[in-house]
Amino acid sequence: MTDSEAERAERAAFILSLRRRGIRDLAVLRALEMVPRGLFVDPTLRRHAYEDVALPIACGQTMSQPSLVALMTEALALNAEHTVLEIGTGSGYQAAVLSHLAAQVVTMDRYRALVGEAQTRFQVLGLRNVAAFVGDGTQGLPGRAPYDRIMITAATGEVPRALVDQLKPGGVLIAPIGAPREVQKLRRFIKDGGNLEASDLMDVRFVPLVAGVAALL
Ligand code: SAH
């Protein structure tokens, strides 16, 4: 088998394993199938790219296991007209998955190095509807607001007010809520008037949402 055939077989097995883990939305499964996770992980970890494990990325951060990426994507209930804001670009993997389901994806991270690498990956994959920015996600990105959907991929005690304000009425926001280094609750919020109505999805562990842009890197 050539490398690319081997990788295709690995990715097909990967999609089957996501189905077994309860991901049923075909559009979400297709989006995960279209994004080569191997491109988003450190070369030394590439052999684990299609396993259902979280992996370390640069700047001391972590990318989630694919079944969680799929579950969070499914919970966002995206359509092809939506503009999505992701807080916590990290490797860019989640944003790349979202880009196959939404009209526009805006993603931001407090580390310049992560944003730069993610931008290169989006270019290599020809993803033209993802824009990555360096910035403090607790402030959101008002210039591109309002958003139909917001996904926070770092743990926070509460949803930052700026993000509530930048979400459209009836919009959906997904976030891990709780203390850093503890188990958090993944919550799905729907904006009703100025407030959010919450429902719990599952227990998760995410790296913390840290206010401010990183001084180094
Ligand atoms: N979604 C990513 C993984 C995110 S890890 C992926 O698919 O790979 C969480 C990310 O949130 C880290 O990269 C971290 O730097 C970022 N982060 C933490 N606090 C932030 C803030 N205030 N603004 C923007 N990004 C932040």
Side-chain angles (χ1 to χ4, degrees), residues 28 31-32 34-42 45-46 48-76 84-102 105-122 125 127 130-144 147 149-164 166 173-181 184 186 204-217:
V28 171
L32 272 101
M34 287 202 281
V35 181
R37 193 169 182 248
L39 184 66
F40 292 81
V41 308
D42 188 273
L45 296 170
R46 215 149 265 170
H48 301 296
Y50 298 101
E51 293 169 14
D52 197 29
V53 288
L55 292 173
I57 56 174
C59 306
Q61 306 301 312
T62 306
M63 67 194 286
S64 301
Q65 65 273 34
S67 60
L68 181 54
V69 170
L71 185 139
M72 289 173 72
T73 305
E74 200 170 39
L76 220 46
V84 189
L85 173 67
E86 183 202 20
I87 306 300
T89 309
S91 67
Y93 180 69
Q94 173 76 72
V97 169
L98 295 172
S99 79
H100 289 290
L101 297 160
V105 179
V106 176
T107 180
M108 56 193 299
D109 205 286
R110 57 192 297 276
Y111 284 104
R112 191 167 298 280
L114 292 176
V115 169
E117 282 179 34
Q119 280 168 333
T120 303
R121 291 171 178 136
F122 301 149
L125 295 174
L127 303 177
V130 195
F133 297 92
V134 179
D136 179 3
T138 66
Q139 304 302 311
L141 207 65
R144 297 274 190 126
Y147 303 99
R149 301 287 186 260
I150 298 179
M151 184 188 285
I152 309 178
T153 62
T156 177
E158 56 181 4
V159 177
R161 186 68 227 177
L163 298 182
V164 181
Q166 291 169 34
L173 183 151
I174 309 279
I177 302 293
R181 283 166 287 280
Q184 303 112 25
L186 185 66
V204 287
R205 267 177 195 276
F206 274 82
V207 296
L209 187 73
V210 178
V213 171
L216 301 170
L217 300 172

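These figures come from a predicted structure and were not determined experimentally. We number each residue from 1, following the sequence as shown. Every number for a ligand or one of its atoms is a count from 1 in the order of the listing. Atom set for the values below is all heavy atoms of this structure, side chains included, hydrogens, waters and symmetry mates excluded.
For Tyr147, there are no ring-ring contact (aromatic ring centres under 6.0 Å, His included) partners at least two apart in sequence or on another chain.
Under a 3.5 Å cut-off, the side chain of Gln61 and the backbone N or O of Pro56 do not form any donor-acceptor pair. Gln166 places a side-chain N or O within 3.5 Å of a backbone atom of Gln139 that can act as its donor or acceptor partner. Checked by atom type and distance alone, the side chain of Asp52 pairs as donor or acceptor with a backbone atom of Ser67 at under 3.5 Å. Without hydrogens or angle criteria, Thr107 side chain to Ala95 main chain gives no donor-acceptor distance under 3.5 Å.
Using modelled atom types, one finds no donor on one side chain facing an acceptor on the other under 3.5 Å when comparing Thr89 with Gln94.
Around ligand 1, the residues contributing at least one heavy atom under 4.0 Å from the ligand are Gln61, Thr62, Met63, Glu86, Gly88, Thr89, Gly90, Ser91, Gly92, Tyr93, Gln94, Met108, Asp109, Arg110, Tyr111, Leu114, Gly135, Asp136, Gly137, Thr138, Thr153, Ala154, Val207, Pro208, Leu209, Val210.
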